[in-house]
Peer 1: 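Below you'll find the structure I mean.
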Amino acid sequence: MQKVVVGLSGGVDSSTAAAILHHQGYEVIGLTLWLMKGKGQCCSEGMIDAADICEQLGIRHEVVDIRDVFETNIIDYLVNGYSGGITPLPCSECNKTVKFGPMVQYAREKLECDRIATGHYAQINYDPDTRRYQLFRAADRNKDQSYFLYDLSQDLLAAAVFPLGELQKTDTRRIAAEYGLTTADKPESQDLCLVESNGSMRAFLDKYLAPKPGDIVDTNGKILGQHEGIHHYTIGQRKGLGIAAPEPLYVISLDAVNNKVIVGDRTQVTQPECTVNRVNWVSITEPSTPIRAQVQIRYRSTPTPVTVIPLENSRVRLVFDEPQFSITPGQAAVWYEGDKLLGGGIIHQ
Ligand SMILES: Nc1ncnc2c1ncn2[C@@H]1O[C@H](COP(=O)(O)OP(=O)(O)OP(=O)(O)O)[C@@H](O)[C@H]1O
């Protein structure tokens with residue numbers, strides 16, 4: 001019997017992924033990563049729900065304590081990023097270095113298993129011509145999580161299985177109900193796990209960063225107001241500036257060195273191009289000449305036409321057909337050809 005390890009968060013998606021594979025005849029092992037320190041965090045409840053599902057399916061359940069890795073790779077990464085004036089995207093980093101990497105390693109070393117399934121909505125296809133694992137958007141466009149998976153290596157994609165990639169979310173709930181899974185009606189997570197468990201990103205950051213008051217200025221350096229710490233702001237932000245002005249003002253940059261929030265009008269936060277670092281090419285090898293694609297500069301943004309110009313050291317320059325509003329350093333830019341994810345990286349400037 002073929003063995004597969006399923007990453008179980010305790011939610012309906014991963015429970016259903018496990019149940020589908022179990023009913024297809026795989027030997028399924030449930031694996032829950034213990035991510036967050038502290039009692040009462042979402043993981044504690046998730047672990048119990050995951051254990052329940054394993055009991056229900058009659059499968060083995062492993063819990064791997066990875067709290068230190070989560071703290072270094074996600075919490076420190078976020079806190080350092082925000083205090084340095086960028087807006088990091090934790091989910092792609094978490095998928096690569098906290099979830100898939102350690103799960104694949106644990107499965108290979110401890111469970112003699114080479115396949116890892118998750119409840120992610122995305123699709124993988126192996127192209128024998130190019131010998132690459134390609135990543136595609138999920139059939140359910142509204143649930144598509146390919147954007148958060150752009151940083152997976154070929155080795156991790158080779159091991160990954162996404163049983164929900166061809167389903168609509170309504171199918172998942174229906175299947176969960178048909179199998180009588182105890183998680184079938186569990187509510188959807190609405191936001192980043194850290195935001196859910198802390199109430200807001202600001203509340204999370206305030207646990208780690210002391211207030212550091214400074215000036216809110218325009219591009220000429222004129223002081224327009226005060227802030228409590230640049231970590232409370234993100235590029236393109238309009239609300240919560242506390243400044244009365246005849247025209248709407250937006251955050252156009254964050255100056256960590258001088259502890260300043262710089263604001264301006266909408267045109268000043270709209271750019272024709274940007275540089276992207278730490279690029280991972282997924283479905284194709286790195287091209288030697290510019291390519292055309294459609295890019296998303298944040299998770300829910302509409303894909304927009306772009307020319308991707310390869311640069312040295314795993315970087316690219318993105319030249320948008322139409323200038324883009326609020327390009328945010330630290331967020332991911334991910335470019336596609338139709339549904340095929342070509343590559344992505346971290347927006348630099
Ligand atoms: N703590 C964890 N341990 C093991 N696998 C996890 C864990 N958290 C998430 N995963 C895996 O990553 C997938 C996507 O995680 P995400 O946080 O986006 O949850 P989700 O889409 O709400 O799914 P679910 O309904 O399964 O919680 C999950 O379906 C699961 O397979």
Side-chain angles (χ1 to χ4, degrees), residues 4-22 28-38 41-54 57 59-67 69-71 73-74 89-107 111 113 115-122 124 138 140 142-152 156 159-165 167-173 175-177 179 181-197 299-300:
V4 57
V5 169
V6 180
L8 283 181
S9 59
V12 62
D13 291 329
S14 47
S15 308
T16 309
I20 289 172
L21 294 170
H22 176 67
V28 176
I29 301 173
L31 189 159
T32 303
L33 299 166
W34 186 2
L35 300 173
M36 285 187 219
K37 291 187 175 168
Q41 299 280 19
C42 57
C43 290
S44 329
E45 190 196 321
M47 263 188 290
I48 292 168
D49 289 342
D52 254 2
I53 287 294
C54 292
L57 297 175
I59 63 174
R60 177 171 161 193
H61 187 216
E62 300 271 325
V63 174
V64 178
D65 182 356
I66 192 153
R67 289 173 294 169
V69 177
F70 187 79
E71 180 144 300
N73 291 18
I74 304 304
L89 177 76
C91 302
S92 49
E93 185 64 26
C94 185
N95 275 329
K96 179 178 170 176
T97 67
V98 179
K99 289 185 184 153
F100 284 89
M103 279 202 289
V104 167
Q105 191 183 359
Y106 188 86
L111 305 171
C113 176
R115 308 291 278 168
I116 291 286
T118 66
H120 281 104
Y121 287 82
I124 299 172
D140 187 337
N142 197 40
K143 283 296 297 177
D144 175 41
Q145 291 174 306
S146 57
Y147 174 87
F148 294 122
L149 299 166
Y150 81 87
D151 209 15
L152 295 188
L156 294 178
V161 182
F162 300 142
L164 309 186
L167 301 182
Q168 300 293 315
K169 178 75 190 207
T170 46
D171 296 327
T172 304
R173 289 254 182 225
I175 294 168
Y179 288 142
L181 301 180
T182 49
T183 52
D185 295 324
K186 204 168 162 180
E188 223 47 13
S189 44
Q190 295 299 328
D191 219 321
L192 290 181
C193 62
L194 286 170
V195 171
E196 289 219 329
S197 58
Y299 174 45
R300 288 285 183 196

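Along the sequence shown, the residues carry numbers beginning at 1. Both counts, for ligands and for their atoms, begin at 1 and track the order of listing.
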Peer 1: State which residues pass ring pair (Phe, Tyr, Trp, His ring centres under 6.0 Å) with Tyr121; sequence neighbours excluded, sorted by chain then number.
Peer 2: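 Residues passing ring pair (Phe, Tyr, Trp, His ring centres under 6.0 Å) with Tyr121: none at all.
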Peer 1: How would you list, by chain and number, the residues with a heavy atom under 4.0 angstrom from ligand 1?
Peer 2: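 Heavy-atom contacts below 4.0 Å: Gly7, Leu8, Ser9, Gly11, Val12, Asp13, Ser14, Leu31, Thr32, Leu33, Leu35, Lys99, Thr118, Gly119, His120, Gln145, Ser189.
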Peer 1: Without swapping roles, check the side chain of Thr32 against the backbone of Leu8 for a donor-acceptor pair under 3.5 Å.
Peer 2: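 A pair under 3.5 Å: yes.
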Peer 1: May I ask you to check whether Asp52 and Thr182 show a side-chain donor-acceptor distance below 3.5 Å?
Peer 2: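 Asp52 vs Thr182: no donor-acceptor pair found between side chains.
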Peer 1: Just by distance, do the side chain of Ser92 and the backbone of Asp151 share a donor-acceptor pair under 3.5 Å?
Peer 2: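 Judged by distance alone, no pair lies under 3.5 Å.
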Peer 1: Please name all residues satisfying side-chain contact (heavy atoms from CB on, under 4.5 Å) with Ala122, sequence neighbours left out, ordered by chain then number.
Peer 2: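 By the side-chain contact (heavy atoms from CB on, under 4.5 Å) rule, Ala122 matches Leu135, Ser146, Leu149, Phe162.
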Peer 1: For Asp13, enumerate each residue passing the salt bridge (Lys or Arg N to Asp or Glu O under 4.0 Å) test, keeping only those at least two apart in sequence or located in another chain.
Peer 2: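 Partners of Asp13 by the salt bridge (Lys or Arg N to Asp or Glu O under 4.0 Å) criterion, ordered by chain and then number, come out as Lys169.
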